[in-house]
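Naming convention: chains lettered A, B, ... in sequence-line order (proteins, then strands); numbering from 1 in each chain.
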Number of protein chains: 2
Amino acid sequence: MSRSQKSDALIIDTLRKNGYKATTQRIAICRFALHSRDHPTAQRIYNEVRKMHPTVSLATVYKTLQILTEHGLVQELDLPQSQARFDSYVGLHINLVCMQCGNIQDFDDKTAQEMVESVTAKAQFTRTGQRLDIYGMCKTCQDRTK
Amino acid sequence: MSRSQKSDALIIDTLRKNGYKATTQRIAICRFALHSRDHPTAQRIYNEVRKMHPTVSLATVYKTLQILTEHGLVQELDLPQSQARFDSYVGLHINLVCMQCGNIQDFDDKTAQEMVESVTAKAQFTRTGQRLDIYGMCKTCQDRTK
DNA sequence: TTTGCTGCAAAGGCTTTGCACGGAT
DNA sequence: ATCCGTGCAAAGCCTTTGCAGCAAA
């Protein structure tokens, strides 16, 4: 599955197909979480969604994110000393995590895909997912530091 | 740096070189954390260390693990819905995380090393570390499930 | 109408912090 | 003798849960 803009109709459909009611709160949260490319925290999703739906609660955000995670529509990234961040790109890719600015850049790489498949086979492992992070400093921060 | 058994003498030396006092608690915690291969949680390290030093506190375990993490002697692995786990193998390797039994198996792979270096170069990233996880079910659990 | 969802507040779990005593240098 | 580290308890922070009212099907 590659990056794709999910329309509200598709979101509603997906929710209903999985036995969830398509409430306005859920739709708003899904819309933001599934379209964002900058790995937001639950708190930031809450802040953003509240701009349109001022009564939404953080609990609902967490509950909805849990649904999305369980159904493989977003991936939860836990990093030390920071809140969980959610990645709407669930395909096999690399996260370039900048320890300076906190930015996370997605990076596609064919070798990475082959490597994961080969390792899985070699270890006789049944793979359901993966997470490939590289930590360091992004180009922008390197330039700024100079 | 590959897997290596650190002697107490080396642990004491390393602590002092970095400006830390070599207390008996720290030595015990370091000994266990650096020698363990099964990615223990802070709580488990605490339980184990308490067998020898019944008065040690969880706070001290956390503080010592923080020192080890900051100096790159262990790596902290955060997974959703679970306590942080600590990996004494800080070299570039793959974590095969079994979602069934919770076991984490380290796996060395040359292709992975090359891939990380190549991606880092391509993205003009300055790398300080990485984390490569594959999630799924280990051989043992597959066999047991059958 | 029925069922499940929301929002609130409170609880929970892991981790960190403040402080006075005690041990390492 | 000095200073850092320890242990305890309390606080902190993110996340989850319980529940009564409310909205979706």
Side-chain angles (χ1 to χ4, degrees), chain A residues 8-9 11-30 32-33 39-47 49-71 74-86 102, chain B residues 8-9 11-33 39-47 49-50 52-71 74-86 102:
Chain A
D8 282 9
I11 289 172
I12 292 169
D13 217 50
T14 308
L15 283 171
R16 294 215 178 121
K17 260 191 199 122
N18 287 291
Y20 302 107
K21 288 189 177 167
T23 63
T24 49
Q25 294 93 327
R26 273 190 187 149
I27 296 166
I29 295 164
C30 291
F32 187 82
H39 313 80
T41 61
Q43 182 67 52
R44 202 166 87 66
I45 294 170
Y46 169 66
N47 294 341
V49 171
R50 250 157 78 95
K51 289 179 184 168
M52 306 307 293
H53 299 266
T55 69
V56 86
S57 74
L58 193 50
T60 301
V61 171
Y62 274 108
K63 283 170 189 163
T64 306
L65 286 171
Q66 204 161 51
I67 292 172
L68 292 177
T69 305
E70 273 164 14
H71 287 79
V74 299
Q75 189 178 20
E76 185 175 338
L77 297 179
D78 291 281
L79 295 166
Q81 268 119 0
S82 67
Q83 317 174 33
R85 299 180 62 163
F86 295 87
Chain B
D8 283 9
I11 289 172
I12 293 170
D13 216 51
T14 308
L15 283 171
R16 294 214 178 123
K17 261 191 196 122
N18 286 292
Y20 302 108
K21 288 187 176 167
T23 64
T24 49
Q25 293 92 328
R26 272 190 188 148
I27 296 166
I29 295 163
C30 291
R31 191 188 304 149
F32 186 82
H39 313 80
T41 60
Q43 183 67 52
R44 204 166 84 68
I45 294 169
Y46 170 67
N47 294 341
V49 171
R50 251 157 79 94
M52 305 307 293
H53 299 265
T55 68
V56 87
S57 74
L58 192 52
T60 301
V61 171
Y62 274 108
K63 283 170 188 162
T64 305
L65 286 172
Q66 204 161 51
I67 292 172
L68 291 177
T69 305
E70 274 164 14
H71 288 78
V74 298
Q75 189 176 20
E76 186 176 339
L77 296 180
D78 291 280
L79 295 167
Q81 268 118 359
S82 67
Q83 321 175 31
R85 298 180 62 165
F86 295 87

Minimum-distance pair of heavy atoms, taken over all atoms of B:Arg85 and B:His39: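 Heavy atoms of B:Arg85 and B:His39 come nearest at NE-O, 2.8 Å.
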Ignoring backbone atoms, establish whether B:Arg26 has a side-chain N or O less than 4.0 Å from OP1 or OP2 of D:dT6.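 Result: yes.
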Establish, with yes or no, whether the OP1 or OP2 oxygen of D:dG7 is under 4.0 angstrom from a side-chain nitrogen or oxygen of B:Thr60.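 It does, given that an N or O in the side chain of B:Thr60 lies less than 4.0 Å from OP1 or OP2 of D:dG7.
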Residue pairs, two or more places apart or on separate chains, that pass salt bridge (Lys or Arg N to Asp or Glu O under 4.0 Å) and touch residues 11-21 of chain B: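 Sorted pair list: B:Asp13-B:Lys17.
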Calculate the interatomic distance between A:Gln83 atom CD and D:dC14 atom P; express it in whole Å.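 Going from A:Gln83 (CD) to D:dC14 (P), I get 5 Å.
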If you fit an axis to the five pairs at each end of the helix from C:dT1-D:dA25 to C:dT25-D:dA1, how big is the angle between those two axes, to 10 degrees?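 Here the helix ends are tilted 40° relative to one another.
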Can you give one letter per nucleotide of nucleotides 16-25 of chain D, going 5' to 3': B for a protein heavy atom under 4.0 Å from the base, S for sugar-phosphate only, - for none? BBB----BBS
With A:Arg26, which residues qualify under salt bridge (Lys or Arg N to Asp or Glu O under 4.0 Å), at least two apart?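 For A:Arg26, no residue satisfies salt bridge (Lys or Arg N to Asp or Glu O under 4.0 Å) once neighbours in sequence are set aside.
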Nearest 0.5 Å please: distance from the CG atom of B:Leu65 over to the CZ atom of B:Phe32.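 Interatomic distance, B:Leu65 CG to B:Phe32 CZ, rounded to 0.5 Å: 10.5 Å.
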Selection from C:dG7, D:dT15, D:dT6 that lies nearest to any side-chain heavy atom of A:Thr55: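 Selected nucleotide (nearest to the side chain): C:dG7.
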Residues which pass ring pair (Phe, Tyr, Trp, His ring centres under 6.0 Å) with A:His71, listed by chain and number, not counting sequence neighbours: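 Once residues adjacent in sequence are excluded, the partners of A:His71 under the ring pair (Phe, Tyr, Trp, His ring centres under 6.0 Å) criterion are A:Tyr20.
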Kindly write out the residues that satisfy side-chain contact (heavy atoms from CB on, under 4.5 Å) with B:Ala84, not counting sequence neighbours, or none if the list is empty.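 Listed in chain order: B:Glu76, B:Asp78, B:Phe86.
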